[in-house]
A.B. asks: 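Following this message is one structure expressed as structure tokens.
Bear in mind that the values here come from a model prediction, so they are computed numbers and not experimental data. Below, chain A is the first sequence line, B the second, and so on; all start at residue 1.
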4 protein chains.
Amino acid sequence: MRLRRHSAIDDERFHDECGVFGVFGHPEAANMTYLGLHGLQHRGQESAGIAAADGKRIHTHRVLGLVQDNFSAETIAALPGDRAIGHVRYSTAGGSGLSCAQPITVRSARGWLSLAHNGNLPDAEDIRLRLEEEGSIFQTTTDSEVIVHLIARSQGESLTDRIIDALSQVEGAYSLLFLAMDQLVAVRDPYGFRPLCLGRLGNARVVASESTAFDLIEATFERDVAPGEMVVIDARGVRSFFPFPPRPRRMCIFEHIYFARPDSVIDGLPVIDVRRRLGERLADEQPADADVVIAVPDSGTPAALGYANRLHIPFALGLIRSHYVGRTFIEPRQSIRHFGVKLKLNPVRAVLRGRRVAVIDDSIVRGTTSMKIVRMLRDAGAAAVHLRISSPPPPGPGDYGIDTPTREELIASQQSIEAVRDFVRCDTLGYLSLEGAHAAAGGTLSDKQFCDACFSGDYPVAVRRTSRSDPPACGCGDMNGGRDAPDERNQEARR
Amino acid sequence: MRLRRHSAIDDERFHDECGVFGVFGHPEAANMTYLGLHGLQHRGQESAGIAAADGKRIHTHRVLGLVQDNFSAETIAALPGDRAIGHVRYSTAGGSGLSCAQPITVRSARGWLSLAHNGNLPDAEDIRLRLEEEGSIFQTTTDSEVIVHLIARSQGESLTDRIIDALSQVEGAYSLLFLAMDQLVAVRDPYGFRPLCLGRLGNARVVASESTAFDLIEATFERDVAPGEMVVIDARGVRSFFPFPPRPRRMCIFEHIYFARPDSVIDGLPVIDVRRRLGERLADEQPADADVVIAVPDSGTPAALGYANRLHIPFALGLIRSHYVGRTFIEPRQSIRHFGVKLKLNPVRAVLRGRRVAVIDDSIVRGTTSMKIVRMLRDAGAAAVHLRISSPPPPGPGDYGIDTPTREELIASQQSIEAVRDFVRCDTLGYLSLEGAHAAAGGTLSDKQFCDACFSGDYPVAVRRTSRSDPPACGCGDMNGGRDAPDERNQEARR
Amino acid sequence: MRLRRHSAIDDERFHDECGVFGVFGHPEAANMTYLGLHGLQHRGQESAGIAAADGKRIHTHRVLGLVQDNFSAETIAALPGDRAIGHVRYSTAGGSGLSCAQPITVRSARGWLSLAHNGNLPDAEDIRLRLEEEGSIFQTTTDSEVIVHLIARSQGESLTDRIIDALSQVEGAYSLLFLAMDQLVAVRDPYGFRPLCLGRLGNARVVASESTAFDLIEATFERDVAPGEMVVIDARGVRSFFPFPPRPRRMCIFEHIYFARPDSVIDGLPVIDVRRRLGERLADEQPADADVVIAVPDSGTPAALGYANRLHIPFALGLIRSHYVGRTFIEPRQSIRHFGVKLKLNPVRAVLRGRRVAVIDDSIVRGTTSMKIVRMLRDAGAAAVHLRISSPPPPGPGDYGIDTPTREELIASQQSIEAVRDFVRCDTLGYLSLEGAHAAAGGTLSDKQFCDACFSGDYPVAVRRTSRSDPPACGCGDMNGGRDAPDERNQEARR
Amino acid sequence: MRLRRHSAIDDERFHDECGVFGVFGHPEAANMTYLGLHGLQHRGQESAGIAAADGKRIHTHRVLGLVQDNFSAETIAALPGDRAIGHVRYSTAGGSGLSCAQPITVRSARGWLSLAHNGNLPDAEDIRLRLEEEGSIFQTTTDSEVIVHLIARSQGESLTDRIIDALSQVEGAYSLLFLAMDQLVAVRDPYGFRPLCLGRLGNARVVASESTAFDLIEATFERDVAPGEMVVIDARGVRSFFPFPPRPRRMCIFEHIYFARPDSVIDGLPVIDVRRRLGERLADEQPADADVVIAVPDSGTPAALGYANRLHIPFALGLIRSHYVGRTFIEPRQSIRHFGVKLKLNPVRAVLRGRRVAVIDDSIVRGTTSMKIVRMLRDAGAAAVHLRISSPPPPGPGDYGIDTPTREELIASQQSIEAVRDFVRCDTLGYLSLEGAHAAAGGTLSDKQFCDACFSGDYPVAVRRTSRSDPPACGCGDMNGGRDAPDERNQEARR
């Protein structure tokens, strides 16, 4: 008998990113941030944090795990003030812990400052080494902290001057929120890799990675923050600046394919429409001779509906997702085949028996989950299993905030499609093409409206890490996941 | 700021029942029971318990809340033996607590005995009062304990004799499991109100309320236990008895409509097929002039697919269900409208805007949730909202194991359909007819293959509780929810 | 590295007993009981419980462990009413758990009843088997529950009639409290084995095992409850009855020697005076040729002061007791000699070096602790170690509520004093005589004012358990520690 | 009903200090440190921490509260390596939390470094402001962190060079341990304000604030670290340096009077001897006309024995200290007089009734505890109460690591002895003289072997904080208790 952690299916997807949320001018700023982060929870489940400013200081509370499980009424009450920022984070290494959680809050001779970052700064490590040589002491191992130190050393007069000064020294992907005693500053990098949007909640202003953060708190979506824009919110209102040299727009296409919630609208594009079109294009490119189309719920459902509709094959519920799956299960010694997948999904024999089944998923990462699902469908009586994937086959890990398993595990990137099919043991396997993905999002491969560097290797920013074998360890700014932070154990006492 | 418990949507459904599971002859009986109960979790989330017998005694562990959250590897390890039974339970009153949890285990001069019960015994209270007058001391307030006392007082020679003796003194609904040191006994009442099925796991035998309990542990479904059958499992194998006078078969129709999982097969009938046909019948009886059909996920989805297909209207994802909803949320002082529903469901504007929407749910209980969903759809831009319910309007609470809100709250039972529509504020409202429900399950109103007494008032068993204003408080045997058990506080220390 | 439980020293003393406390007519009855139990905590640390009655029912909360660690403001608030009883318990087997905790509360057709018991009923097992044959179902394995069943079956008209009826059927040691909806009844057995006293707290009445329970809550001691007396406290006031045949007074002498707190006064005798005289008698009987007298703190200190004073040898602090010792310690793999004793006691080299030391303790049970202390004193430089024990050598385990290690472990009872000295490795060893113990308490061996059956084997009650090899497992009513209770695991969920 | 924290008596004593422990070359370094800190627990109960170095990094774990309650086998196991340092800390403000806990661990370009500090650096705040202006970011508000930053900025070649460089820039009290990957460095300030001693444990070396840290782990005391000495322990062995200008020896006299354990030997002087002589001197200076001498246990006991012996008055146990007192108690609404003191101490009527009592304590701080004890003794029947204090009356708070209540609370420092007597309501009150305290420790007022600046105002170090109204907030290096650390909330999640 042993405990098994079962985030099986999610673990084998490309990892979600981080999410940021900010509010200025609301009497219950921390509570609103807590609810806003709930609407961004899909972007990161490893840790979460809120920093709130009242007239005197910034209070910060950071936790491991989900927002709703780890913030209490007491911790929210201990975050007074009418302005706050929050962060949810995903990371690769289980051990990275609270030491890499955000917001990062510091107090220096120039006052309090808190930061929340979604993105990745490839050159942060070099800057960090230089600053340490000069006597700076870092608290964490995240690349985000480099920004804080650059700001502390800047001789810029105002906070915004110092932020511009600091960001001019780095290249990379960032949607950033800064909270000072009297200002909330939001910055999106010039390429616009990661989403960021503005809204209004009564007299208060809100800013978030996705508009789903606004829905629960009944805030109104106003507009996306533009690539390269710095938005300053304070008692005088909202001001907008474009302090950086312009760059071509390069929104990450995988926000639309996997990361964002289907009910989000990013840079004007409804995600659910993109996902339906991904299924339609997949039907065009990779039709299947099937009696029924089913989805791997819930992530595969939007594309499956598009796929079924395009091919005029009935859509049915062939896999039921359990509502009661937590993170660990007690497994018998006498092992159960495909235990992790079975905990989450159960096949519906009445739908599958004797039928040729097209099953739609949004990705294959390590392949083991797909293999288990195929086996489960066959055991339930499926006459044939045609696996269709509504994203392109990944050639290699990316560099801008997408955390993937190690290269070795990315079977699709190293083996032919045929080898994957052999491993997964489906009758036929079809991926969407990269062209198809761009088309579903309304672009083309050549117009480069979207960044697909993770899959194409075509990086818009000069990446100076070519000699390293590992991809950036964390999509959210962890420039060095393998280097432990001094005090992390300390903070994990909480667990 | 305050904490709000948010089981909102589920709370306003007709309450689920209980579930029972048993295994005989498996070296990891308690672990298998734990996993089996996970597959029955939808039948009861208030409490759970496992009793396991080794050669020396029966060990019992009962908890409040979900199986996976409240059993640990240590507690499973402390339940040794190769035979075990388990129970999950729903109940009305939040305060009923562990004292009403099952299995109930006792040790008397005749040895150890443990019991798990799904059902309801209307005459248990009278028997209980008589036994107390004679000096019996009851530990709990459940009607199930009456069976234990009747067995303890029986002069029958064998355990099965004493069980038959005890059950001959009661009338009602029961799917019962008894665990003794060397036997597992399963009994289904002569009407067959509640499901019960048998399976095989290697050399071991398993028994469960629904076949979904077998899927995770890879047990094979063998057959349903017949109404009135007593199955005795011991070292000699499996024996079957029919010791009670025969009765007409009266499976509860709401098992098919709400209670069971869609991936179950009950008395030979796949639940998912019944639910799809409920949607098709609903389309025939209550068509809607709509551009899109959406479901209230996940319970409304099977019928919605049937509804959409029959009317050739596209099915789409108009409401996204959050994967991260727990039991409590910290709500701001400045109240958020429809907070509970919003935590679980978010509308998809791109699907709804400007469209006439048919939204399918499996029930309306108090009406407030439906009203909030209708409002949410309109706020997201729906041009019209046509609400369709894949079950009949409930005329009054039932008496055989279905726990419903009080009569006053059952708006559909006291007001006309029109009044409900006014309250819910949809454009049109349509329920499935009782005839339609029977037809979807393959029967007719007049053949009475199914019990629909909760809705029709047509009770197959003489109910002696007519003078009482309240319905039976608990579908799982709690004959007296308002009467507190002596030691309950004690055991709630755990919380 | 491993965890070690370190109640070392206490574990090797004769085990403490149980304590009972009751209050009638105080608006904060449960809180007063909680504080009263704190003043009786030395009588039992395994479990504790409080039952409180308001107009409607009896609420009960029982916990494992210390009163202060396991009751919270919430649990106290959930015990409303102006009358309450409480219990602290010691028991032998670590596994006995909550199932043996008291008060025991039941609700029958005749209403609520709660019981707290300090004592032991040797014939309870026989009665229990008879009742089970007749169909009674027991919840626990304690002999105390037999009383509850006898009361439930009594046809006596009033509660006091039924109590008298029930207690007339048992023999043994008991100081008992009964709480009903409108009465608090206290009974002390006719021999008066265990202490029980009455007090007043404003208009409320209090009753407790020792007067130390009154001190913290500022109640006034009024008088001891007499042997064989039944005190009934209700709205009419306090009434006294003597319903049982009179017996010779036989207060347990070990209450004075070990069990009671030194600041208690029992049956008119201050315990601290008895303990000082034990030291003086020990000095007369077993003088030591020493330079300094030290105590094993704190239990040995009163006798050590008497010993030092009688012999005109200086008393000094030779062993310092740590204030920070909890129940478990993380021990290195590389084992530390005498770790458990060292955690609690540290020798003072400046006091011991080069001196001949007389060290006074109140008992030797297994001898290993004494051996470690002797070694520790020698390592710190003592020139000679003369161990003096202020109690008689135990010839065998007793039968009336004293829980001792198994016979095999009672080294002093099976080996000559000389063998003990060899094992403990002190220079000389001296015990007080049984005569000396009686004399210190103001009696004589022959007048039998005190029960010394544990040591003398001279039992005042016919004990029918002669064929059994083990002594009564629990001084507080557990007639069968090895027989597990049905539901204990259940309740241990709390831990 | 409310919860009350009851560290009453201790809270009103002059606060204990901090304690440090280090070990080099032991395979279970963290476990040994854990046990060593247990032996220093009396020096600080607010927080504790351990940092351990293996070949790769330094792991640190810090907790609030007691060592034994807050370190688990898992946390110890997660601190691998054969060298470690640890710290226990007391501080004034309850809110200071984990952010001020030690060891402080940082990782810079020059590698890992961890520090544990007992003492106080009055000029740290000025240095800190200067460093922040230059862009340094501080993690905590402790003066100890200043040392870390000075080391990080030093251009010294070796670690010891950088330590010497940093310490040359500060003045104050310090016993400091530094842990690097390959070295353990111990430094005692040139005045020797705080104790520090060296020992041996097999082949490993140990260093600790007091020798009691060695006793439990069976290490051998070797020698005290000399004032101004820097001891470097590494693979080459133990080397000693005296890099600072010499200063006169000024051991804090209150280590002997209050702080140290009675079983410690500091700079060659057994503490228990000093405490006995304090009692003897007190008897000479302030004899009482009493029938019995009692102590406020346990801190007053050594002096009480000396006092009783000198005056030939019997010593007795007049107050019994409870073994079961934790940190919080549920107090009834109907308040109990002197509740906090009663939870800990109970008077023994048989000792006190009708007697003139001399009661010996080691200090009076706020006076309320003394007043309660005097009242308790009178209520228990004492004919007269003569209070004798084995320390001098404090004229004002000190500046070198002794944390005292605010000036206003120091009643003895602002009122005449007579006013204190009136407040406390004893019959007579006598303090030991400052001369007497020096004499008991073997010195004289004029030879200044001991620092008594807290009481005399005669500071050996030029204190540059004269313009500030408050004394240093924390005896252990907290230069600014009122300035909150950025991330403290974060870390208090643990609670």
Side-chain angles (χ1 to χ4, degrees), chain A residues 1-3 27-28 31-32 34-35 38-39 41-42 45 66-69 71-73 76-77 212 215-218 261-263 265 270-273 298 301-302 305 309 314-317 320-326 328-334 336-337 339 342-343 346-351, chain B residues 1-3 27-28 31-32 34-35 38-39 41-42 45 66-69 71-73 76-77 212 215-218 261-263 265 270-273 298 301-302 305 309 314-317 320-326 328-334 336-337 339 342-343 346-351:
Chain A
M1 188 172 57
R2 57 211 156 96
L3 271 179
E28 299 182 79
N31 205 150
M32 290 298 150
Y34 159 88
L35 294 170
H38 175 64
Q41 188 75 78
H42 61 290
Q45 300 92 44
L66 300 184
V67 173
Q68 71 174 59
D69 295 344
F71 278 87
S72 66
I76 295 294
T212 49
D215 293 335
L216 174 59
I217 57 171
E218 303 191 316
R261 271 177 60 150
D263 41 348
V265 178
V271 174
I272 195 140
D273 288 349
D298 285 346
T301 305
L305 288 169
N309 187 59
F315 171 83
L317 301 178
I320 299 296
R321 181 176 170 126
S322 172
H323 288 170
Y324 302 106
V325 175
T328 55
F329 262 84
I330 305 160
E331 195 180 353
R333 279 185 304 272
Q334 178 181 321
I336 291 176
R337 247 178 349 165
F339 187 63
K342 281 184 177 157
L343 283 169
N346 201 35
V348 184
R349 282 176 181 70
V351 165
Chain B
M1 188 173 58
R2 57 210 156 96
L3 272 178
E28 298 183 79
N31 205 149
M32 290 298 150
Y34 159 88
L35 295 170
H38 176 63
Q41 189 73 80
H42 61 291
Q45 300 91 44
L66 300 185
V67 172
Q68 72 173 60
D69 294 344
F71 278 86
S72 65
I76 295 294
T212 49
D215 293 336
L216 174 58
I217 57 172
E218 304 191 314
R261 272 178 59 152
D263 42 348
V265 177
V271 174
I272 195 141
D273 288 349
D298 286 344
T301 305
L305 288 169
N309 187 58
F315 170 83
L317 300 178
I320 300 296
R321 180 175 171 127
S322 173
H323 288 170
Y324 303 106
V325 176
T328 56
F329 261 85
I330 305 161
E331 196 180 353
R333 279 186 304 274
Q334 177 181 321
I336 291 176
R337 247 178 350 163
F339 186 62
K342 281 184 176 156
L343 283 170
N346 201 38
V348 184
R349 281 175 182 71
V351 165

A.B. asks: Would you mind reporting whether R261(A) and I320(B) have side-chain heavy atoms less than 4.5 Å apart?
C.D. replies: yes

A.B. asks: Among N309(B), I217(B), D298(B), single out the residue with the greatest number of heavy-atom pairs under 4.5 Å to chain A.
C.D. replies: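 The answer is D298(B).
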
A.B. asks: L305(B) and A316(A): which non-hydrogen atoms are nearest, and at how many Å?
C.D. replies: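 In terms of heavy atoms, the two residues are closest at CD1-CA, 4.5 Å.
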
A.B. asks: So which atom in V348(B) and which in P262(A) form the shortest heavy-atom distance, rounded to 0.1 Å?
C.D. replies: CG1-O, 4.3 Å

A.B. asks: Going by the side-chain hydrogen bond (donor to acceptor under 3.5 Å, both in side chains) test, name the single residue among Q45(B), R321(B), H323(B) that passes it with H323(A).
C.D. replies: R321(B)

A.B. asks: Taking all non-hydrogen atoms of both residues into account, name the closest pair between P347(B) and D263(A) and its distance.
C.D. replies: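 It is O-CB, 4.0 Å.
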
A.B. asks: Let me know if D215(B) has heavy atoms under 4.5 Å from chain A in its side chain, its backbone, both or neither.
C.D. replies: both

A.B. asks: Measuring heavy-atom distances to chain A, does P314(B) have an atom under 4.5 Å in its side chain, in its backbone, in both, or in neither?
C.D. replies: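 Looking at P314(B), nothing touches chain A.
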
A.B. asks: With distance as the sole test, does Y324(B) use its side chain to make a donor-acceptor pair with the main-chain N or O of L66(A) at under 3.5 Å?
C.D. replies: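 Judged by distance alone, no pair lies under 3.5 Å.
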
A.B. asks: Looking at every non-hydrogen atom in both residues, tell me the closest pair between P332(B) and E28(A) and how far apart they are.
C.D. replies: CA-OE1, 3.2 Å

A.B. asks: Check the pair H38(B) / S322(A) against side chain to side chain contact (heavy atoms under 4.5 Å, CB included), numbers first and verdict last.
C.D. replies: CA-CA 9 Å; H38(B) 176 63; S322(A) 172; 4.1 Å; yes

A.B. asks: Would you say N31(B)'s side chain and I330(A)'s backbone share a donor-acceptor pair under 3.5 angstrom?
C.D. replies: yes

A.B. asks: Would you check, one step at a time, whether the test side chain to side chain contact (heavy atoms under 4.5 Å, CB included) holds for L343(B) with Q68(A)?
C.D. replies: CA-CA 11 Å; L343(B) 283 170; Q68(A) 71 174 59; over 6 Å; no

A.B. asks: Sort L216(B) into side chain, backbone, both or neither according to what part of it lies under 4.5 angstrom from a heavy atom of chain A.
C.D. replies: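 Contact with chain A is through both the backbone and side chain of L216(B).
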
A.B. asks: Tell me which of these, L35(B), V67(B), T212(B), D273(B), has more heavy-atom pairs under 4.5 Å with chain A than the rest.
C.D. replies: L35(B)

A.B. asks: Where does L317(A) contact chain B at under 4.5 Å (heavy atoms): side chain, backbone, both or neither?
C.D. replies: both

